[in-house]
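Working notes, beginning with the structure itself.
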Amino acid sequence: MKTVPVLIVGGGLAGLTSSLFLARQGVPSLLVDRHAGVSIHGRARGINQRTMEIYRAYGVAGAVERAGAPFDAESGVARCESLAGEWQWLFDAEEPRAWPDVTAGAFCMADQNTVEPILIDAAREAGAEHLFNTELLDLATDGDGVTATIEDRATGRRQVVRATYLVAADGNRSPIRQRLGIARTGEMTFQHTMNIVFRADLSGFLPRRALFWIIANPDGFFGGLVSTADPNRWQVSVAYDPATESTADFTKERCVRLVRAAVGKDIDVEIEGVGAWEQGVGVAERYRDGRVFLVGDSAHVWPPAGALGANTGVQDAHNLAWKLAAVLNGQAGDDLLDTYDAERRPLAETLAPMIVAHQQARISGAAEPEGMDGRTQAFGAAYGPGPVFDAEYGPQARVGSRAPHLWLGDIALHDLCVGDFVLLCDSPEWMDAARMAPVRAYRAEHADGWTRLYGPGAVLIRPDGYVAWRSTGPASAQNLANAIDHALRPTTKQLDERV
């Protein structure tokens, strides 16, 4: 039997970031994924400013930006009968990629299949273990942990793994969620899509590059086209009915015909892969079941409009990882882990209908619905009583909201949020009070924006970059210790308020 503090099932973005975040906080984990490696299908691409802010802190933002360089010239969404015909721009100018007054992170376009290897390398370097081509066969939970049976799909070798906690990042259909009997609220499937990855030279048909092309024509093509990091590799997506068709029905000959119909010319086409994808919406009715936690698509799914699927999953993992680390390292009790559901599930329940309305507006060409402000959705999520989105985020540090961006010399505040609480203060007395506390303390009174955003006094920031406490009173080691204890050991009343 192999013993590990955390077993992660699923090697997509949510699972891999869970692995990285835990490893960087000193928590060993084992990740298993039934696939042999990274998929050639691009899948999630838009990485919002909040996720890039987190990637900065964990040292992978630069590599992700380099992986996204091939997409720097892309913007907008176009609709056409074929690439060879005339295009209609549904929208052109996007929101700025950088919001320097809000964050040091900048929006990045990078295929999931180019980001995942970066996360794999970084997590393994930090001490995480990954087993690809390895499937979870059986799972049993008890009051002390999880017992899982895994199998190497190449050799048939089976192994029993005993873990204190399990992170289920096993996708939209999540066998683990289904095994636990966790239903999804608002569940609905909009469309079943077949993704076709192909190679072709399309340069002669692209006067400029879009983020996404919607293509509909009389020759039998209705679907979408996206680029990849490889200039001659593309992906078209078409709807299909799983009741009457399967991946096997999309032969190479049929796929070539579909690609040529989308382009509008009989070009040379090489088919590289075909994969099914289900577009729907649903939020798990609970994110925690004993020792098991749902993250990413296993917890919530919705259409791709707004680039909030994978980003929300990464941010789920970020919220959960520091709490698992605090419990496993003996700093907090198990009750802290209940705040994961209390903080992240209401956010997903609020986002789901907003994103569905946004997707429907894009397809129909109607006006964008209210509430789809990218800055607020990326940075305005608030934890605690009150609205899920804090309309006043940023102007001043508020308990339960993300700490406002601040430069401390050449270091961005959120670069410090890796595993430790951070205390920002404006006096030597507060620095003295912090000496015996488990915090990284910084005098910030000379930082540009300190008085407007934080001061006077002291502000305690959680390891995920959220404000836990603030004080304008005299420096007190006891008050600081109480604040940390309060953040690590939530009361039943606190949890009720969050939900």
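By convention here, the first residue in the shown sequence is residue 1. Keep in mind the model is a prediction, meaning the values are calculated, not measured.
R344 places no side-chain N or O within 3.5 Å of a backbone atom of V295 that could act as its donor or acceptor partner. Looking only at distances, no side-chain donor or acceptor of S237 sits under 3.5 Å from a matching main-chain atom of M194.
Screening V269, V259, L202 against W234 for a side-chain contact (heavy atoms from CB on, under 4.5 Å) leaves a single residue, L202.
Residues satisfying the side-chain hydrogen bond (donor to acceptor under 3.5 Å, both in side chains) test with W407, not counting sequence neighbours, are H405. The ring-ring contact (aromatic ring centres under 6.0 Å, His included) search around F221 returns none, not counting sequence neighbours. A search for side-chain contact (heavy atoms from CB on, under 4.5 Å) contacts involving R199 returns D230, N232, R233, E270, E272, not counting sequence neighbours. Under the ring-ring contact (aromatic ring centres under 6.0 Å, His included) criterion, H414 pairs with no residue, sequence neighbours left out. Under the rule for a salt bridge (Lys or Arg N to Asp or Glu O under 4.0 Å), R24 has no partner lying at least two apart in sequence or in another chain. Among residues two or more places apart in sequence or in another chain, the salt bridge (Lys or Arg N to Asp or Glu O under 4.0 Å) test is passed with D121 by none. In this structure, the salt bridge (Lys or Arg N to Asp or Glu O under 4.0 Å) partners of E278, at least two apart in sequence or on a different chain, are R173. Residues passing the side-chain hydrogen bond (donor to acceptor under 3.5 Å, both in side chains) test with Q191, sequence neighbours excluded: T193. Residues forming a side-chain hydrogen bond (donor to acceptor under 3.5 Å, both in side chains) with R288 (at least two apart in sequence, or on another chain): D334, D338. T103 meets the side-chain hydrogen bond (donor to acceptor under 3.5 Å, both in side chains) test with E53; sequence neighbours excluded. By the ring-ring contact (aromatic ring centres under 6.0 Å, His included) test, F379 is found to be paired with no residue, residues two or more places apart in sequence or in another chain being considered.
Sorted by first and then second residue, the ring pair (Phe, Tyr, Trp, His ring centres under 6.0 Å) pairs involving residues 50-77 (not counting sequence neighbours) are F21-Y58.
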